[in-house]
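The structure under discussion appears below in the form of structure tokens.
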Amino acid sequence: MIQTSVHARRRAAVARALRAAGGGIALLPTAPEVARNRDSHFPYRHDSYFYYLTGFEEPNAWLLIEASGKTTLLCQPKDLEREIWDGIRLGPKAAPAALGVDEALSVDKLNELMPRLLGNQPALWFPFATHKGLQVQIDGWLGAVRAKVRMGTECPRSQHDLCLLLDEMRLFKDKHEQAILRRAGQISASAHVRAMQTSAAMLRAGRDAREYHLEAELLHEFRRHGSQFPAYTSIVAAGANACVLHYRAADARLRADELCLIDAGCELDGYASDITRTFPAGGRFSPAQRQLYDIVLAAQVAAIAATRPGRRFMAPHDAAVQVLAQGMLDVGLLDRKKHGRVEDVIASGAYRQFYMHRTGHWMGMDVHDCGDYTEPGSRPREETDATGQKITRRPSRILRPGMVLTVEPGLYVRPAKGVPREFWNIGIRIEDDALVNAKGCELLTREVPVDADEIEALMRG
Ligand code: GLY
Ligand code: MN
Ligand code: MN
């Protein structure tokens with residue numbers, strides 16, 4: 001059931017922004033269908049911006065918002081022959097009542113309608129550089145408008161990136177979105193529990209357990225709770241594979257004395273979740289695994305404490321790096337004689353040998369969601385980085401209630417000279433999704449444990 005009021009409110013906010021910028025019209029297509037091979041298509045996924053403003057999931061549709069507030073949808077016409085093969089279409093007649101738009105037309109009318117609508121509009125807003133061929137299409141329509149200037153029709157004088165406007169709106173999740181994100185987080189957490197328990201049970205029974213067995217459990221759990229897709233390709237990484245950051249679930253064998261890293265989350269009703277857990281495949285951490293695990297967990301605790309309104313986006317990362325770098329010195333991953341104290345390790349960037357990614361990203365409809373990572377209106381600073389290159393830095397975004405970001409520190413130890421052998425090939429990441437609220441943050445994904453003892457207890461069960 002589409003909640004038209006939620007989407008109507010968002011469309012009204014876009015119209016207000018157009019008025020504030022001096023008027024104009026916004027134009028937004030949904031995503032194209034993509035062929036996989038010959039007659040098969042990739043599962044269709046709507047465009048996130050388009051869905052945000054319509055809740056409409058059919059392909060081949062456009063939304064137009066005028067500064068006056070008038071909204072028009074162009075969608076696939078009813079067509080019994082096509083509907084027998086591809087499924088029911090909403091059609092233009094039913095669309096206004098179903099979606100709350102003012103008017104709906106067949107998408108076949110697009111080329112006829114656009115030059116007419118663009119005439120005498122002061123500005124045109126559309127998503128820049130996201131839809132292949134859109135700019136060419138728009139140029140064609142504007143050419144048709146320009147052909148009429150001798151008759152007194154005016155052509156839009158400016159073009160603006162609609163993404164910038166929508167990115168800022170999407171960065172702050174409303175109550176409707178928060179509820180879906182919470183549910184997506186719960187489903188993904190239950191999938192991780194299921195995968196952990198399956199791993200221990202299969203190895204206890206002496207069965208040949210592979211990464212794909214755990215991926216199958218994840219997908220089963222996502223789907224049985226109504227999730228439409230995984231939010232991204234699931235990572236199930238046995239042993240050393242965990243040190244490959246973008247590893248995919250393949251067919252490697254799970255070994256009882258090795259760790260398994262799972263980074264997987266479902267998409268529910270257009271919203272993502274993103275969880276990583278690292279656990280001993282057989283259910284018990286070795287002392288070396290546990291030592292590193294507890295450092296990553298402590299880094300996550302520090303990062304979560306820094307995820308609160310008023311702090312900056314980079315604060316959780318800086319907090320995590322502090323704990324990780326200290327841990328690297330404490331356990332001998334980094335030699336104090338060579339690397340000095342924790343401040344030196346951070347200043348030199350030596351910690352990047354074992355922690356080479358950021359501690360989080362915005363999350364929402366897209367797993368790596370849109371939104372400016374720097375504070376709007378802040379002054380850039382020129383700096384020189386560790387390699388002597390000049391870089392421009394802007395202060396990172398100030399966290400505010402309604403923002404959702406991941407908190408995902410890790411440690412990845414590839415075999416190397418000077419690195420204690422007992423840590424070789426251990427890769428650990430712990431990732432949760434945090435909704436910033438008035439006091440700090442709410443973790444949306446904690447129905448799967450992170451504490452090492454609790455993970456072991458769960459895997460015994
Ligand atoms: N699963 C993608 C990420 O953690 O960023
Ligand atoms: Mn992530
Ligand atoms: Mn992830």
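Remark: side-chain polar atoms of Asp102 are paired, donor with acceptor, to backbone N or O of Thr71 under 3.5 angstrom. Judged by distance alone, with hydrogens and angles left aside, the side-chain atoms of Arg277 form a donor-acceptor pair with the main-chain N or O of Val448 at under 3.5 Å. Checking side-chain atoms of Ser199 against main-chain N and O of Ala195 turns up no donor-acceptor pair under 3.5 Å. Panel note: side chain Arg381, backbone Arg394; no donor-acceptor pair is recorded below 3.5 Å. Using modelled atom types, one side-chain atom of Tyr44 and one backbone atom of Ala31 make a donor-acceptor pair closer than 3.5 Å. For the pair Arg397 (side chain) and Glu375 (backbone), a donor-acceptor distance under 3.5 Å is absent. Side chain of Thr278 to backbone of Arg429: a donor-acceptor contact under 3.5 angstrom is found. Between the Thr54 side chain and the Phe50 main chain, a donor and an acceptor come within less than 3.5 Å of each other. Not one N or O on the side chain of Gln159 forms a donor-acceptor pair closer than 3.5 Å with the backbone of Ala123. Looking at Thr30, its side chain never comes within 3.5 Å of a backbone N or O of His46 through a donor-acceptor pair.
Residues Leu142 and Ile138 are in side-chain contact: their nearest non-hydrogen atoms beyond the backbone lie under 4.5 Å apart. By the 4.5 Å heavy-atom criterion applied to side chains, Ile235 and Ile262 are not counted as neighbours. The side-chain heavy atoms of Asn120 and Glu154, taken from C-beta on, include a pair separated by under 4.5 Å. Residues Asp174 and Gln178 have side chains not in contact (no heavy-atom distance under 4.5 Å, counting atoms from C-beta outward). In this structure, the side chains of Glu431 and Asp263 come closer than 4.5 Å at one or more pairs of heavy atoms. At least one side-chain heavy atom of Leu214 sits less than 4.5 Å from a side-chain heavy atom of Leu254. In this structure the side chain of Leu74 reaches within 4.5 angstrom of the side chain of Leu64, judged on heavy atoms. Looking at heavy atoms from C-beta onward, Asp161 lies in side-chain contact with Leu164 at the 4.5 angstrom threshold.
Under a cut-off of 6.0 angstrom, the local environment of CZ in Arg146 is sparse, with at most 12 non-hydrogen atoms contributed by other residues, nucleotides or ligands. Arg204 CZ: more than 12 foreign heavy atoms inside a 6.0 Å radius. For Arg248, the CZ atom sits in a loose shell: 12 or fewer heavy atoms of surrounding residues, nucleotides or ligands are nearer than 6.0 Å.
Going from atom NZ of Lys173 over to atom CH2 of Trp362 covers 8.5 Å, rounded to the nearest 0.5 Å. Rounding to the nearest 0.5 angstrom, the gap separating the OH atom in Tyr271 from the OG atom in Ser48 is 8.5 Å. Between the CD1 atom in Ile65 and the CG atom in Leu18 there is a gap of 7.0 Å [rounded to 0.5 Å]. Within the model, atoms CG of Leu134 and CG of Leu28 stand 9.0 Å from one another, a figure rounded to the nearest 0.5 Å. Interatomic distance, Cys370 SG to Met365 CE, rounded to the nearest 0.5 Å: 6.5 Å. Residue Ile391 holds its CD1 atom at 5.5 Å from CD of Glu383, rounded to the nearest 0.5 Å.
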Residue pair Tyr247, Glu211: steps toward the side-chain contact (heavy atoms from CB on, under 4.5 Å) verdict: CA-CA 11 Å; Tyr247 187 79; Glu211 292 165 341; 2.7 Å; yes
Side chain to side chain donor-acceptor pair (under 3.5 Å) assessment of Tyr52 paired with Glu177: CA-CA 10 Å; Tyr52 182 68; Glu177 298 179 289; 4.6 Å; no
Would you please test His213 and Glu217 for side chain to side chain donor-acceptor pair (under 3.5 Å) and show each step? CA-CA 7 Å; His213 286 123; Glu217 298 298 323; over 6 Å; no
Step-by-step side chain to side chain donor-acceptor pair (under 3.5 Å) determination, Ser68 to Glu66: CA-CA 5 Å; Ser68 63; Glu66 295 173 56; 4.6 Å; no
Show your working on side chain to side chain donor-acceptor pair (under 3.5 Å) between Gln228 and Glu267 and close with a plain yes or no. CA-CA 6 Å; Gln228 294 81 0; Glu267 180 174 304; over 6 Å; no
Using the rule given for side-chain contact (heavy atoms from CB on, under 4.5 Å), can you reason through Thr72 versus Leu63, listing the C-alpha separation, both sets of side-chain angles and the distance that settles it, and then say yes or no? CA-CA 6 Å; Thr72 306; Leu63 176 68; over 6 Å; no
For Tyr373 and Phe313: C-alpha separation, side-chain torsions, deciding distance, then whether ring-ring contact (aromatic ring centres under 6.0 Å, His included) applies. CA-CA 7 Å; Tyr373 282 94; Phe313 173 79; 4.8 Å; yes
Residue pair His220, Phe222: steps toward the ring-ring contact (aromatic ring centres under 6.0 Å, His included) verdict: CA-CA 6 Å; His220 176 87; Phe222 292 169; over 10 Å; no
Let me see the working for Glu442 and Arg182 under salt bridge (Lys or Arg N to Asp or Glu O under 4.0 Å), right down to the final yes or no. CA-CA 10 Å; Glu442 172 190 344; Arg182 228 172 249 124; 2.7 Å; yes
side-chain contact (heavy atoms from CB on, under 4.5 Å) between Leu443 and Asp433: does it pass, once the steps are laid out? CA-CA 6 Å; Leu443 297 176; Asp433 304 341; over 6 Å; no
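Scanning both residues, Val367 and Ala231, for their nearest heavy atoms gives CG1-O, 4.1 Å. Ala302 and Val323 make their closest contact through CB-CG2, 3.8 Å (heavy atoms, listed as atom of the first residue, atom of the second, distance). When all heavy atoms of Thr307 and Ala434 are compared, the pair lying nearest together is CG2-CB, 4.1 Å. Contact record, Ala303 with Thr359: CB-CG2, 4.2 Å, taken as the closest heavy-atom pair. The heavy-atom pair separating Pro127 from Cys163 by the smallest distance is CB-SG, 3.5 Å. Contact record, Leu181 with Met363: CD2-CE, 3.8 Å, taken as the closest heavy-atom pair.
Taking the six-membered ring where tryptophan is involved, the planes of Tyr293 and Phe285 are tilted, since the angle between them lies from 30° to 60°. The aromatic rings of His361 and His368 sit tilted relative to each other, their planes meeting at an angle between 30° and 60°. Relative orientation of the Tyr51 and His7 rings is perpendicular, given thresholds of 30° and 60° on the angle between their planes.
Cation-pi contact between Arg170 and Tyr49: present, with separation from the ring centre below 6.0 Å and deviation from the ring axis of at most 45°. At least one test fails for Arg45 against the ring of Phe229: distance under 6.0 Å to the centre or angle within 45° of the axis.
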Below 3.5 Å, can you tabulate the donor-acceptor pairs from side chains in residues 85-94 to any protein atom, sequence neighbours excluded?
{"unit_1": "Asp86", "atom_1": "OD1", "unit_2": "Arg82", "atom_2": "NH2", "d": "3.3"}
{"unit_1": "Asp86", "atom_1": "OD2", "unit_2": "Arg82", "atom_2": "NE", "d": "3.2"}
{"unit_1": "Asp86", "atom_1": "OD2", "unit_2": "Arg82", "atom_2": "NH2", "d": "3.1"}
{"unit_1": "Arg89", "atom_1": "NH1", "unit_2": "Pro77", "atom_2": "O", "d": "2.7"}

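Each ring pair (Phe, Tyr, Trp, His ring centres under 6.0 Å) pair with one or both residues in residues 110-152, not counting sequence neighbours, appears once here: Trp62-Trp141, Trp125-His160, Phe126-Phe128.
Gln197 and Arg194 are not linked by any side-chain donor-acceptor pair at a separation below 3.5 angstrom, with hydrogens and angles left out of the test.
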